[in-house]
Student: 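Before I ask anything, let me first share the structure, which is written out below as structure tokens.
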Amino acid sequence: MNNIDISKQIQILINNFNAKKFDFVISKSTIYLKKYPGYVLLYNLLGSSHQNNGEYKKALKIFNEGLKYDPKNLALINNLATSYKNLLQYDKAEKLYNEAIEINPKYVNAYVNLGNLKRDINKLEDAILLYEKARKITPQNIIVLYLLSLANQGLGNFTESIKFAKLVLNINPKFTKADHLIAQSMKYEDKDEHYEKMVNKLDNQNLDDNEKIDLYFALSKANEDINKIEESFQFLKKGNDLKKNISNYKVEDEIKLIDKVIEIFKNVNFKKFKNNNKNNVIFILGMPRSGTSLLEQIITSHSKVYGGGELPILSNLIKENLIEKHKIQESSVLNLFNDNKRIQSISSEYSNYINYFNFNEEFITDKAPLNFRWIGFIKIFFPNAKIIHCKRDPKNNCLSLYKNFFEAGLNFSYSEKDLVKYYKAYLNIMNFWNSKKDIEILNINYEDLINDKEGQIKTILKHCNLEWEENCLNFHKNKNPIKTMSTAQARKPIYKTSLNGFDRYKDFLKELNLSL
């Protein structure tokens with residue numbers, strides 16, 4: 001194969017990579033590299049394909065191999081850093097991003113990805129500074145402008161967030177993620193200019209499915225704001241149906257996993273486990289949209305508590321050590337139960353991760369809602385941890401899930417039937433955990449928190465061994481970053497309008513109304 005032939009083959013690989021045919025690219029790139037081991041672009045294509053498949057350790061190996069041939073290749077350095085970031089090894093990733101910037105101070109990707117890293121560890125002000133540096137290099141870069149909008153929203157700077165989102169839309173009206181971000185950050189009134197633009201965009205623009213989904217959810221929210229509930233539901237139904245249709249998701253797989261966890265932990269005696277982990281972690285968990293963000297804002301208003309947000313580390317550790325092909329391996333879990341050194345090792349990995357947040361407070365919150373699946377592991381890995389379970393009226397909880405479009409996962413929320421099945425599996429496992437006498441869980445009802453704010457907050461603080469502080473009543477003034485759909489609600493005083501939200505939609509959501 002001569003240089004002309006390899007150039008043609010690489011273009012074919014690039015086309016397939018852009019078409020997300022990563023397995024094809026991996027297969028062909030591996031073959032070509034045996035003939036052309038010094039062809040650096042092949043390492044980038046091969047490593048990036050592994051990265052897109054979630055095979056980050058394989059990607060690390062490939063990128064490092066490529067760097068032997070071209071040690072200052074910016075794309076390889078950047079992608080290697082991103083693999084480390086995806087593996088939650090932030091120190092190695094940050095070092096490499098800075099190395100890329102030192103080689104080329106105008107290399108935008110490194111500023112953007114380092115900014116994303118800072119955002120991951122709740123340093124949103126640092127992230128904004130890095131995004132602004134990238135913006136100076138490429139002022140019209142819509143990704144940079146969108147990230148500035150997202151970071152400002154996370155800090156509660158909604159005016160700034162909307163400003164940057166509108167800059168994105170001025171450059172590319174089809175970047176409808178920006179429309180969705182605006183919808184989350186504002187309250188619509190009748191005949192709103194942005195509302196009219198979104199409607200016209202649906203009629204006039206040639207949009208792909210993902211662009212339509214963002215618009216459908218944004219228009220649903222806008223119509224609810226102006227009390228047009230039937231119109232709101234029509235857009236909501238379109239958005240959910242389209243998302244469900246393009247996702248290759250089976251709720252039964254997740255239900256099987258939950259059922260298997262119950263089976264494995266049925267006869268476990270938690271008192272036999274010994275672990276010297278001293279981390280004071282407060283796990284806030286439950287169904288998404290059940291009040292977990294509100295609860296975290298309350299707790300982190302206390303002077304002794306740092307807000308970690310939705311930390312991915314526990315699920316990552318369990319998936320890496322105990323899950324294969326989306327199935328929890330009973331033999332691996334049983335082996336873990338008899339291996340104190342391994343338990344300590346996994347616990348230490350969690351500790352190393354939260355140290356990236358560099359906090360001085362005595363406690364840190366971990367508010368990943370779906371950790372409700374892993375309460376048994378929490379008890380083993382972190383015996384000193386506090387566990388708070390947020391509960392909410394089932395219909396209102398499921399409506400709130402159905403009304404929102406989540407960038408990462410939660411695919412069970414795009415179908416009424418899937419929602420009902422998943423919610424019942426959640427109830428099943430929470431009933432199981434609560435039945436275990438050697439697991440202490442504080443169950444907090446969202447409705448009780450709304451109706452008896454002070455009484456419930458006192459109960460929460462007592463459970464966490466925290467003294468009363470008046471700041472916890474003024475949680476809406478908390479500047480803790482919020483990187484979830486709840487960012488606007490959790491920055492307002494407690495409101496009661498969410499208590500009976502399902503009543504407005506009950507005529508349209510027959511499955512939820514009849515089954516929950």
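Bear in mind that the values here come from a model prediction, so they are computed numbers and not experimental data.
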Student: Checking Ser161 side chain against Ser149 main chain: does a donor-acceptor pair fall under 3.5 Å?
Tutor: yes
Student: Looking at Lys197 and Glu193, is any side-chain nitrogen of the basic one under 4.0 Å from a carboxylate oxygen of the acidic one?
Tutor: yes
Student: Who passes ring-ring contact (aromatic ring centres under 6.0 Å, His included) against Phe412, sequence neighbours left out?
Tutor: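 For Phe412, the residues satisfying ring-ring contact (aromatic ring centres under 6.0 Å, His included) (neighbours in sequence not counted) are Tyr422.
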Student: Say whether, by atom type as modelled, one donor and one acceptor occur between the side chain of Asn73 and the main chain of Ala75 under 3.5 angstrom.
Tutor: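 Yes: the side chain of Asn73 pairs with the backbone of Ala75.
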Student: Can any side-chain N or O of Ser247 pair as donor or acceptor with the backbone N or O of Lys243 at less than 3.5 Å?
Tutor: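 Indeed, once roles are kept as given, a pair shorter than 3.5 Å links the two residues.
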Student: Got a salt bridge between Glu55 and Lys61, using NZ or NE/NH1/NH2 to carboxylate O under 4.0 Å?
Tutor: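 Salt bridge absent between Glu55 and Lys61.
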Student: Between Phe283 and Phe382 (judged by ring centroids, cut-off 6.0 Å), do the two rings come close enough to count as a pair?
Tutor: yes
Student: Restricting to ring-ring contact (aromatic ring centres under 6.0 Å, His included), what partner residues turn up for Tyr402, sequence neighbours left out?
Tutor: none
Student: Please give me the minimum heavy-atom distance between Leu285 and Pro369, naming the atom from each residue.
Tutor: CB-O, 3.5 Å
Student: side-chain contact (heavy atoms from CB on, under 4.5 Å), that's the test. Do Leu294 and Phe475 meet it? Break it down for me.
Tutor: CA-CA 8 Å; Leu294 171 61; Phe475 66 89; 3.2 Å; yes
Student: Do Glu254 and Tyr249 pair up side chain to side chain, a donor and an acceptor below 3.5 Å, judged on atom types alone?
Tutor: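 There is such a pair (donor and acceptor under 3.5 Å, judged by atom type) between the side chains of Glu254 and Tyr249.
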Student: Does any pair with a residue in residues 105-116 pass side chain to side chain donor-acceptor pair (under 3.5 Å), and if so which ones, sequence neighbours excluded?
Tutor: Asn78-Asn113, Asn116-Tyr131
Student: Salt bridge or not between Lys118 and Glu94? Use side-chain N to carboxylate O under 4.0 Å.
Tutor: yes
Student: Just wondering, more than 12 heavy atoms not from Gln11 lying within 6.0 Å of its CD?
Tutor: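 Count over threshold, so yes.
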Student: Would a distance-only check, ignoring hydrogens and angles, find a side-chain to backbone donor-acceptor pair under 3.5 Å from Asn157 to Glu160?
Tutor: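 No; zero donor-acceptor contacts below 3.5 Å.
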Student: Within the distance-only criterion (no hydrogens, no angle test), does the side chain of Arg342 pair as donor or acceptor with the backbone N or O of Asp339 below 3.5 angstrom?
Tutor: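 No: the side chain of Arg342 does not pair with the backbone of Asp339.
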Student: Salt bridge (Lys or Arg N to Asp or Glu O under 4.0 Å) with Lys123: which residues, sequence neighbours excluded?
Tutor: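 So Lys123 forms no salt bridge (Lys or Arg N to Asp or Glu O under 4.0 Å) with any residue.
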Student: Take the angle between the ring planes of Tyr188 and His194 and call it parallel below 30°, perpendicular above 60°, tilted in between.
Tutor: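 Ring orientation, 0 to 90° scale: parallel.
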Student: List in chain and number order the residues that pass salt bridge (Lys or Arg N to Asp or Glu O under 4.0 Å) with Lys58, two or more places apart in sequence or in another chain; answer none if no residue qualifies.
Tutor: none
Student: In chain order, what residues pass the ring-ring contact (aromatic ring centres under 6.0 Å, His included) check against Phe175, with sequence neighbours excluded?
Tutor: Tyr146
Student: Could you check whether any side-chain N or O of Ser232 sits under 3.5 Å from a backbone N or O of Asn223, counting only pairs where one atom can act as donor and the other as acceptor?
Tutor: no
Student: Quick one: do His50 and Leu45 satisfy side-chain contact (heavy atoms from CB on, under 4.5 Å)? Show the steps, please.
Tutor: CA-CA 9 Å; His50 280 303; Leu45 283 167; over 6 Å; no
Student: Please test Ile26 against Thr30 for side-chain contact (heavy atoms from CB on, under 4.5 Å), starting from the C-alpha separation and ending with a verdict.
Tutor: CA-CA 6 Å; Ile26 288 169; Thr30 302; 4.2 Å; yes
Student: By side chain to side chain donor-acceptor pair (under 3.5 Å), which residues pair with Asn98, not counting sequence neighbours?
Tutor: none
Student: Give a yes or no on whether Lys28 atom NZ has more than 12 heavy-atom contacts from other residues, nucleotides or ligands under 6.0 Å away.
Tutor: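 Counting neighbours around NZ of Lys28, 12 or fewer heavy atoms of other residues, nucleotides or ligands fall under 6.0 Å, so no.
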Student: For Tyr216, check side chain to side chain donor-acceptor pair (under 3.5 Å) against everything at least two apart and list the hits.
Tutor: none
Student: Are more than 12 heavy atoms from other residues, nucleotides or ligands located less than 6.0 Å from atom NZ of Lys21?
Tutor: no
Student: Taking NZ, NE, NH1 and NH2 as the nitrogens, is one of them in Lys212 or Asp208 under 4.0 Å from a carboxylate oxygen of the other?
Tutor: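 Salt bridge flag = no for Asp208 with Lys212.
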Student: side-chain contact (heavy atoms from CB on, under 4.5 Å) for Leu219 and Phe217? Distances and angles first, verdict last.
Tutor: CA-CA 5 Å; Leu219 283 164; Phe217 278 95; over 6 Å; no
Student: When you look at CG of Asn206, are more than 12 heavy atoms from neighbouring residues, nucleotides or ligands closer to it than 6.0 Å?
Tutor: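 No, not enclosed.
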Student: Under the 3.5 angstrom rule, does the side chain of Ser29 hit a backbone N or O of Val25 as a donor-acceptor pair?
Tutor: yes
Student: With a 6.0 Å cut-off (strictly less than), is the heavy-atom count around NZ of Lys250, excluding the residue itself, greater than 12?
Tutor: no
Student: Using only atom types and a distance under 3.5 Å, with no angle test, would you say the side chain of Asn122 pairs donor to acceptor with the backbone of Gly308?
Tutor: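 Present.
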Student: Assess whether ring-ring contact (aromatic ring centres under 6.0 Å, His included) is satisfied between Tyr39 and Tyr32, documenting all intermediate values.
Tutor: CA-CA 9 Å; Tyr39 219 98; Tyr32 296 154; 9.6 Å; no
Student: Only counting residues at least two apart or in another chain, list the ones meeting side chain to side chain donor-acceptor pair (under 3.5 Å) with Gln329.
Tutor: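 By the side chain to side chain donor-acceptor pair (under 3.5 Å) rule, Gln329 matches no residue at all.
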Student: Please give me the minimum heavy-atom distance between Tyr195 and Ala222, naming the atom from each residue.
Tutor: CD1-CB, 3.5 Å
Student: Could you tell me whether the side chain of Asn200 and the main chain of Glu196 form a donor-acceptor pair under 3.5 Å?
Tutor: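 Present.
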Student: Just how far is it from atom CG of Asn371 to atom CG of Leu314, taken to the nearest 0.5 Å?
Tutor: 4.5 Å
Student: Taking only residues two or more places apart in sequence, or in another chain, which ones meet Asn352 in a side chain to side chain donor-acceptor pair (under 3.5 Å)?
Tutor: none
Student: Would you say NZ of Lys133 has more than 12 non-hydrogen atoms from neighbouring residues, nucleotides or ligands within 6.0 angstrom?
Tutor: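 Counting neighbours around NZ of Lys133, 12 or fewer heavy atoms of other residues, nucleotides or ligands fall under 6.0 Å, so no.
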Student: Under 3.5 Å, is there a donor-acceptor pair linking the side chains of Gln89 and Lys92?
Tutor: yes
Student: Verify, without hydrogens or angle tests, whether Thr138 (side chain) and Arg135 (backbone) share a donor-acceptor contact under 3.5 angstrom.
Tutor: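 Checking the backbone N and O of Arg135 against the side chain of Thr138, no donor-acceptor pair under 3.5 Å is found.
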Student: Checking Tyr69 now: which residues fulfil ring-ring contact (aromatic ring centres under 6.0 Å, His included) with it, not counting sequence neighbours?
Tutor: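 Testing Tyr69 for ring-ring contact (aromatic ring centres under 6.0 Å, His included), a comparison that skips the adjacent residues, returns Tyr43.
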Student: Restricting to non-hydrogen atoms, name the atom on Ala165 and the atom on Ile182 that form the minimum distance, rounded to 0.1 Å.
Tutor: CB-CG1, 3.5 Å
Student: Show every donor-acceptor pair shorter than 3.5 Å between a side-chain atom in residues 298-305 and any protein atom, with sequence neighbours excluded, or say none if there are none.
Tutor:
residue : atom : partner : partner atom : Å
Thr300  : OG1  : Glu296  : O            : 2.7
Thr300  : OG1  : Asn478  : ND2          : 2.9
Ser301  : OG   : Gln297  : O            : 2.7
Ser301  : OG   : Asn478  : ND2          : 3.3
His302  : ND1  : Lys304  : N            : 3.1
His302  : NE2  : Glu467  : O            : 2.8
Ser303  : OG   : Glu469  : OE1          : 3.4
Ser303  : OG   : Glu469  : OE2          : 2.6

Student: I'd like to know if Arg119 pairs up with Asp126 as an ion pair, taking the criterion as any Lys NZ or Arg NE/NH1/NH2 lying under 4.0 Å from an Asp or Glu carboxylate oxygen.
Tutor: no
Student: What do the steps show when you test Asn384 against Asn280 for side-chain hydrogen bond (donor to acceptor under 3.5 Å, both in side chains), and what is the final call?
Tutor: CA-CA 6 Å; Asn384 300 317; Asn280 290 327; 5.4 Å; no
Student: How about Lys367 and Ser293: does a side-chain donor come under 3.5 Å of a side-chain acceptor?
Tutor: yes
Student: Ignoring hydrogens and angles, state whether a donor on the side chain of Tyr350 or Asp366 is under 3.5 Å from an acceptor on the partner side chain.
Tutor: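 Per modelled atom types, Tyr350 and Asp366 side chains form a pair under 3.5 Å.
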Student: Going by the angle between their ring planes, with limits at 30° and 60°, are Tyr353 and Tyr356 parallel, tilted or perpendicular?
Tutor: perpendicular
Student: Hey, is Lys244 close enough to Asp418 for a salt bridge, meaning N to O under 4.0 Å?
Tutor: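 Salt bridge: yes.
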